[in-house]
Novice: 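Next up is a structure, given as structure tokens.
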Amino acid sequence: MGKNDGLYIFCYNGRMNKKILLSGIQPSGALHIGNYFGAIRQFVALQEKYESYVFIADLHALTTTQDAGKLSQSIIDVTLDYLACGLDPEKVCLFKQSDIGGAVGELAWDFNCITTMPYLERAVAYKDANQKAKEVNVGLFDYPVLMAADILIQDADAVPVGADQKQHVEIARDIAQKFNNTFGNTFKLPEPLIMQDVAIVPGLDGRKMSKSYGNTIPLFGTDAEIEKAVAGIVTDSGADIPQNVYAIHKLFKTEAELTSLYDANKGKYKILKDALAADIKAFIGPMREKRNALAQDMEKVKSILKAGGEKARARAEAKMSLVHEKVGMKIY
Ligand code: TYM
């Protein structure tokens, strides 16, 4: 308890003075430790400081996951992951994007009408997808516009993300600015919150850890899956310190702790990888136990998501009422 507690309680109860945080993750496969360190850990750390809205971006996932069974399972999985990592539904509004899909889809449409094709063609995610895929669906091309709608419809001030999402938050700012210039002041300009030391968590091959590169360590993998992933870290034979192992190890131990371990085991890759696997398992173990316990009562878990969806939808619909007025659709 500090000297500002009285003020804090006033703010907390009033909720008026807290800034708004919003972020989401796609349910498009098992989450990995890059998602945890780059994003989820920030959501948990900031849940007291901000009025927080954290969601499951299932509409975005539909751009790549077109299997109903897999999508439903993934939505459940990410919900459990969020809760197991420490998101407290008493503090955070946890919801599924499609539960406010009507409002957010409509706002994305409004934004489409003031956003140009050449502007979106410059988006990094589209350029990447365009290079790799034979055909890019319209949803993937329009992905940043839907993301802008997610952020702006809740009046978010802060958007905690990994570095790969920075451009998307900048696009949301540009779109907010364009809408405000066209129709009058309506939207706040959000700021990305990026933790520099974990902005790009490296994967098994040293590139950014990413589902699409197949270089991940699963966040809630079994011990055997974690061991297998760590054994697969690409090591540059000959070096005293295997850089790819060290870069991941830094997430779990301080540099001081690692210095003695790596000095004592120069060139002994197997020992160093075993130590890393042990540290990951020790870190994840308690969260995995919590996740297993939560999974025993799925009705409760779903009810948390449902209640969050109702709250987020009410806010989104109120914002859309203002948007209708601004664009000239509110005639009664
Ligand atoms: P997604 O599902 O790809 O990733 C979720 C979060 O994890 C972060 N992340 C990483 N951070 C550091 N190092 C890595 N290797 C790494 N890999 C992933 C991502 O930066 C992200 O913060 N477009 C979003 C979902 C979304 C969203 C939003 C986010 C939809 N609407 C509105 C914020 C606000 C996405 O695909 O994240």
Side-chain angles (χ1 to χ4, degrees), residues 20-44 46 50 52-65 71 74-75 77-78 81-82 85 87 95-98 100-101 104-105 107-108 111 123-126 128-129 139-140 142-173 175-176 190-219 244 247-248 250-251 312 316:
I20 294 174
L21 173 151
L22 174 130
S23 197
I25 293 185
Q26 292 191 68
S28 53
L31 296 194
H32 52 73
I33 62 170
N35 297 128
Y36 177 77
F37 286 101
I40 302 176
R41 196 174 56 162
Q42 289 201 73
F43 309 164
V44 176
L46 298 172
Y50 287 84
S52 295
Y53 295 83
V54 175
F55 68 98
I56 294 158
D58 52 351
L59 295 173
H60 278 107
L62 205 54
T63 60
T64 52
T65 307
L71 184 63
S74 229
I75 293 169
D77 283 340
V78 178
D81 294 350
Y82 275 150
C85 289
L87 281 185
F95 67 100
K96 173 160 80 65
Q97 187 185 27
S98 56
I100 61 165
V104 94
L107 186 59
F111 290 163
V124 175
Y126 164 70
D128 279 0
L140 203 66
D142 205 31
Y143 188 108
V145 176
L146 181 61
M147 184 159 158
D150 294 329
I151 297 170
L152 302 178
I153 208 165
Q154 300 293 350
D155 280 325
D157 297 287
V159 185
V161 283
D164 60 336
Q165 297 296 316
K166 184 168 183 253
Q167 191 194 41
H168 288 152
V169 182
E170 284 163 1
I171 291 175
R173 286 175 67 89
I175 291 178
E191 293 286 347
L193 290 185
I194 297 171
M195 303 291 287
Q196 282 321 316
D197 53 337
V198 286
I200 303 175
V201 172
L204 306 181
D205 53 3
R207 291 187 295 166
K208 185 190 87 160
M209 187 174 287
S210 166
K211 285 168 224 166
S212 57
Y213 295 156
N215 65 354
T216 63
I217 298 177
L219 178 56
N244 293 338
I248 297 174
K250 261 194 337 194
L251 302 164

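Whatever order the structure lists them in is the order used to number ligands and atoms, beginning at 1. Keep in mind that what you see is a predicted model, and the values were worked out from it rather than measured.
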Novice: Report yes if K211 has an N/O atom closer than 3.5 Å to an N/O atom of ligand 1; otherwise report no.
Specialist: no

Novice: When rounded to the nearest 0.5 angstrom, what is the spacing between CG in L140 and CG in L146?
Specialist: 11.5 Å

Novice: For atom 22 (O) of ligand 1, which candidate among G203, A156, G162, S210 provides the closest heavy atom?
Specialist: G162

Novice: Between S23 and ligand 1, is there a nitrogen or oxygen pair with a distance under 3.5 Å?
Specialist: no

Novice: Pull out every atom of ligand 1 sitting under 4.0 Å from any heavy atom of M209, numbered as shown with elements.
Specialist: 14 (C), 15 (N), 17 (N)

Novice: Checking N215 side chain against S210 main chain: does a donor-acceptor pair fall under 3.5 Å?
Specialist: yes

Novice: Measure the distance from atom 6 (C) of ligand 1 to every protein heavy atom, then report the residue, atom name and distance (to 0.1 Å) of the closest one.
Specialist: A39 CB, 3.6 Å

Novice: To the nearest 0.5 Å, what is the distance between CD on E170 and CD1 on I175?
Specialist: 12.5 Å

Novice: Using the six-membered ring wherever Trp is involved, compare the ring planes of F95 and Y53 and label them parallel, tilted or perpendicular (cut-offs 30° and 60°).
Specialist: perpendicular

Novice: Search all heavy atoms of A149 against all heavy atoms of A108 and return the closest pair with its distance.
Specialist: CB-N, 3.8 Å

Novice: Any N/O of A163 closer than 3.5 Å to an N/O of ligand 1?
Specialist: no

Novice: Should G38 be counted as touching ligand 1, given the test is an N or O pair under 3.5 Å?
Specialist: no

Novice: Of all the non-hydrogen atoms in the protein, which one sits nearest to atom 25 (C) of ligand 1, and at what distance?
Specialist: G24 O, 3.5 Å

Novice: Using only atom types and a distance under 3.5 Å, with no angle test, would you say the side chain of R173 pairs donor to acceptor with the backbone of P190?
Specialist: yes

Novice: Of all the non-hydrogen atoms in the protein, which one sits nearest to atom 7 (O) of ligand 1, and at what distance?
Specialist: N35 ND2, 3.1 Å

Novice: State the atoms of ligand 1, each with its element, that fall below the 4.0 Å cut-off from a heavy-atom position in I151.
Specialist: 32 (C), 34 (C)

Novice: Give a yes/no verdict on whether any heavy atom in H32 is under 4.0 Å from an atom of ligand 1.
Specialist: yes

Novice: Give the numbers and elements of all ligand 1 atoms closer than 4.0 Å to a heavy atom of H60.
Specialist: 30 (C), 31 (N)

Novice: Say whether, by atom type as modelled, one donor and one acceptor occur between the side chain of Q42 and the main chain of L193 under 3.5 angstrom.
Specialist: yes

Novice: Determine whether a donor-acceptor pair (N or O, by modelled atom type, separation under 3.5 Å) exists between the side chain of S23 and the backbone of V54.
Specialist: no

Novice: Tell me the protein heavy atom at minimum distance from atom 31 (N) of ligand 1, and give that distance in Å.
Specialist: D150 OD2, 2.7 Å

Novice: Keeping the roles fixed (side chain from Q154, backbone from A312), state whether a donor-acceptor pair exists under 3.5 Å.
Specialist: yes

Novice: Please verify whether a non-hydrogen atom of A199 lies at under 4.0 Å from ligand 1.
Specialist: yes

Novice: Which atoms from ligand 1 have a heavy atom of Q26 less than 4.0 Å away?
Specialist: 2 (O), 35 (C), 36 (O)

Novice: Give the atom numbers and elements of ligand 1 that come within less than 4.0 Å of a heavy atom of V198.
Specialist: 12 (C)

Novice: Which option, V161, D164, V169, owns the non-hydrogen atom nearest atom 20 (O) of ligand 1?
Specialist: D164

Novice: Checking the N or O distance criterion of under 3.5 Å, is ligand 1 in contact with Y143?
Specialist: yes

Novice: Surrounding NZ of K211 (heavy atoms of other residues, nucleotides or ligands, distance under 6.0 Å), is the total greater than 12?
Specialist: yes

Novice: Counting only N and O atoms by type, is there a donor-acceptor contact under 3.5 Å from the side chain of D128 to the main-chain atoms of A125?
Specialist: no

Novice: Would F37 count as a contact residue for ligand 1, given that I'm defining contact as a non-hydrogen atom of the residue lying under 4.0 Å from a ligand atom?
Specialist: no

Novice: Numbering the atoms of ligand 1 from 1, which are under 4.0 Å from a heavy atom of K208?
Specialist: 15 (N)

Novice: Okay, side chain of E191, backbone of A158: is any donor-acceptor separation there less than 3.5 Å?
Specialist: no

Novice: Quick one: nearest non-hydrogen protein atom to atom 37 (O) of ligand 1, plus distance?
Specialist: Q165 NE2, 3.8 Å

Novice: Please report the interatomic distance CG(L71) to OG(S28), rounded to the nearest 0.5 Å.
Specialist: 9.0 Å

Novice: Starting from atom 13 (N) of ligand 1, find the nearest protein heavy-atom neighbour and note its residue, name and distance.
Specialist: V201 N, 2.8 Å

Novice: Counting only N and O atoms by type, is there a donor-acceptor contact under 3.5 Å from the side chain of Y82 to the main-chain atoms of F55?
Specialist: yes

Novice: Give the numbers and elements of all ligand 1 atoms closer than 4.0 Å to a heavy atom of V159.
Specialist: 33 (C), 34 (C)

Novice: Looking only at atom types and distance, does a side-chain atom of T64 sit under 3.5 Å from a main-chain N or O of A61, one as donor and one as acceptor?
Specialist: yes

Novice: When you measure from atom 10 (C) of ligand 1 to every protein heavy atom, which one gives the shortest distance, and what is it?
Specialist: G34 O, 3.4 Å

Novice: Run the numbers for me: atoms of ligand 1, each under 4.0 Å from some heavy atom of I200, listed by number.
Specialist: 13 (N)

